[in-house]
*Asks:* 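What follows is a structure written as structure tokens; I'll ask about it next.
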Amino acid sequence: MKKILSTAAIGIAGILAAQVSVSGRANMLFPSSSPSWKDIKASGQSTYDQKGKNSVGYNLGISVKVDLPTSFFLMPELYYTTFKNEFTDPTTNTKIEAKSNRVDMPVLVGKNVLGETLGIFVGPVASYNLSADNQYNDFKENAKNDFTLGYQFGAQAKLKQLIINARYEGAFTKDQRDFINKNVMGETYTVKYDNRPGLLILGLGYEF
């Protein structure tokens, strides 16, 4: 009986190990108001024209892929993400940087459509802001939300241990930033800004 249980335990452990894969990921982030080809093309042109300034961010992290029955899979991930947006307030002519340093936790459900070679996925992503409130001339930044929620969908291709990844991220909740200036003609002047833009995410991974 002990021999049977030991054999079964070894067999189950082997199956579980075969069903779980871990990969390191690195992605570039490009702002895009929607996943339409028109907006993606416009984002690419803007990135080229500005030579990447104010239009490119990145994230680094780890992805765990758990194979499920009938070609489905669960893919929780953890990333450190950073990007920024610059804009100039027309009233005070002050250049303001809306920075975002955050921890992202996507939990994606997907399906293998060509074995392990090609998969598609969709799911929510929870984000926790790490950025401190900043000062820009007379403007004081006030980040309203530490936690925000978005969604992702996309596809990935696997070539041996190399993973090529493309996805779009949208927002369920806003990351509202208030930039407050108390010295405009003796009154408090506030600029409101949503710092959770839609993002086109392109990147590479390596499966360990």
Side-chain angles (χ1 to χ4, degrees), residues 21-66 73-86 97-114 116-131 145 147-159 161-175 177 193-208:
S21 58
V22 180
S23 60
R25 302 290 182 109
N27 299 301
M28 300 294 289
L29 315 178
F30 305 90
S32 179
S33 57
S34 83
S36 70
W37 172 246
K38 178 182 177 181
D39 287 335
I40 290 174
K41 184 179 178 182
S43 174
Q45 186 63 49
S46 175
T47 300
Y48 178 79
D49 292 342
Q50 297 182 49
K51 298 181 180 179
K53 183 181 178 182
N54 195 36
S55 57
V56 178
Y58 69 88
N59 65 19
L60 301 170
I62 192 167
S63 176
V64 179
K65 184 170 178 278
V66 182
F73 60 85
L74 180 67
M75 193 164 66
E77 300 178 321
L78 182 65
Y79 290 99
Y80 170 74
T81 298
T82 182
F83 61 89
K84 70 177 181 178
N85 289 302
E86 292 182 357
E97 289 184 357
K99 297 179 181 178
S100 185
N101 298 308
R102 69 192 194 196
V103 175
D104 288 338
M105 295 177 289
V107 180
L108 307 169
V109 176
K111 183 174 177 60
N112 295 317
V113 293
L114 287 176
E116 289 289 320
T117 304
L118 181 64
I120 56 175
F121 51 81
V122 64
V125 51
S127 300
Y128 178 75
N129 282 321
L130 301 174
S131 302
N145 302 314
F147 287 96
T148 58
L149 187 65
Y151 62 89
Q152 294 182 352
F153 62 87
Q156 64 179 25
K158 182 180 175 185
L159 305 172
Q161 290 175 286
L162 180 67
I163 299 169
I164 302 170
N165 164 79
R167 66 183 75 179
Y168 179 79
E169 178 178 306
F172 286 131
T173 58
K174 293 182 178 181
D175 179 11
R177 310 287 178 95
Y193 186 80
D194 180 16
N195 200 41
R196 182 154 192 147
L199 296 171
L200 173 66
I201 303 174
L202 303 174
L204 297 173
Y206 183 83
E207 185 177 296
F208 302 115

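Here the structure is a predicted model, which means the values were calculated and not measured. Residue numbers count from 1 along this sequence.
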*Asks:* Does the side chain of L199 come within less than 4.5 Å of Y168's, by heavy atoms?
*Replies:* no

*Asks:* Is the backbone of L149 close enough, under 3.5 Å, to the side chain of T173 for a donor and an acceptor to pair up by distance?
*Replies:* yes

*Asks:* Please report the interatomic distance CG(L78) to OG(S63), rounded to the nearest 0.5 Å.
*Replies:* 10.5 Å

*Asks:* Going through the checks in order, is the side-chain hydrogen bond (donor to acceptor under 3.5 Å, both in side chains) test met by N165 and N27?
*Replies:* CA-CA 8 Å; N165 164 79; N27 299 301; 3.3 Å; yes

*Asks:* Charged N to carboxylate O below 4.0 Å: is that the case for E116 and K65?
*Replies:* yes

*Asks:* Between atom CZ of F153 and atom CZ of F121, what is the distance when rounded to the nearest 0.5 Å?
*Replies:* 10.0 Å

*Asks:* Carefully, step by step, assess I62 and V22 under the rule side-chain contact (heavy atoms from CB on, under 4.5 Å).
*Replies:* CA-CA 7 Å; I62 192 167; V22 180; 3.6 Å; yes

*Asks:* Could you give me the CA-CA distance, side-chain angles and deciding distance for L29 and N59, then say whether side-chain contact (heavy atoms from CB on, under 4.5 Å) is met?
*Replies:* CA-CA 8 Å; L29 315 178; N59 65 19; 3.9 Å; yes

*Asks:* For L108 and E77, run side-chain contact (heavy atoms from CB on, under 4.5 Å): C-alpha distance rounded to whole Å, both residues' side-chain angles, the deciding distance at 0.1 Å, then the answer.
*Replies:* CA-CA 8 Å; L108 307 169; E77 300 178 321; 3.7 Å; yes

*Asks:* To the closest 0.5 Å, what do you measure between CG (N112) and CZ (F73)?
*Replies:* 5.5 Å

*Asks:* As an exercise, state the distance from OG of S23 to NZ of K158, rounded to the nearest 0.5 Å.
*Replies:* 9.0 Å

*Asks:* For a 4.5 angstrom cut-off between non-hydrogen side-chain atoms, does L130 reach V103?
*Replies:* yes

*Asks:* Tell me whether the rings of Y206 and F208 are parallel (<30°), tilted (30 to 60°) or perpendicular (>60°).
*Replies:* perpendicular

*Asks:* Output the distance between atom CZ (F147) and atom CE (M105), rounded to the nearest 0.5 Å.
*Replies:* 6.5 Å

*Asks:* Is there a side-chain contact between F83 and P31 (heavy atoms, below 4.5 Å)?
*Replies:* no

*Asks:* V113 and I120: side-chain contact (heavy atoms from CB on, under 4.5 Å), yes or no, with the steps?
*Replies:* CA-CA 7 Å; V113 293; I120 56 175; 4.2 Å; yes

*Asks:* State, with a plain yes or no, whether a side-chain heavy atom of V125 is found less than 4.5 Å away from one of V107.
*Replies:* no

*Asks:* Can we call the ring centroids of F172 and Y151 under 6.0 Å apart?
*Replies:* yes

*Asks:* Please lay out, stage by stage, how Q152 and E169 fare under the test side-chain hydrogen bond (donor to acceptor under 3.5 Å, both in side chains).
*Replies:* CA-CA 4 Å; Q152 294 182 352; E169 178 178 306; 2.8 Å; yes

*Asks:* Could you tell me whether the side chain of Q156 and the main chain of I164 form a donor-acceptor pair under 3.5 Å?
*Replies:* no

*Asks:* Say you draw a straight line from OH of Y80 to CG of D104; how long is it, rounded to the nearest 0.5 Å?
*Replies:* 11.0 Å

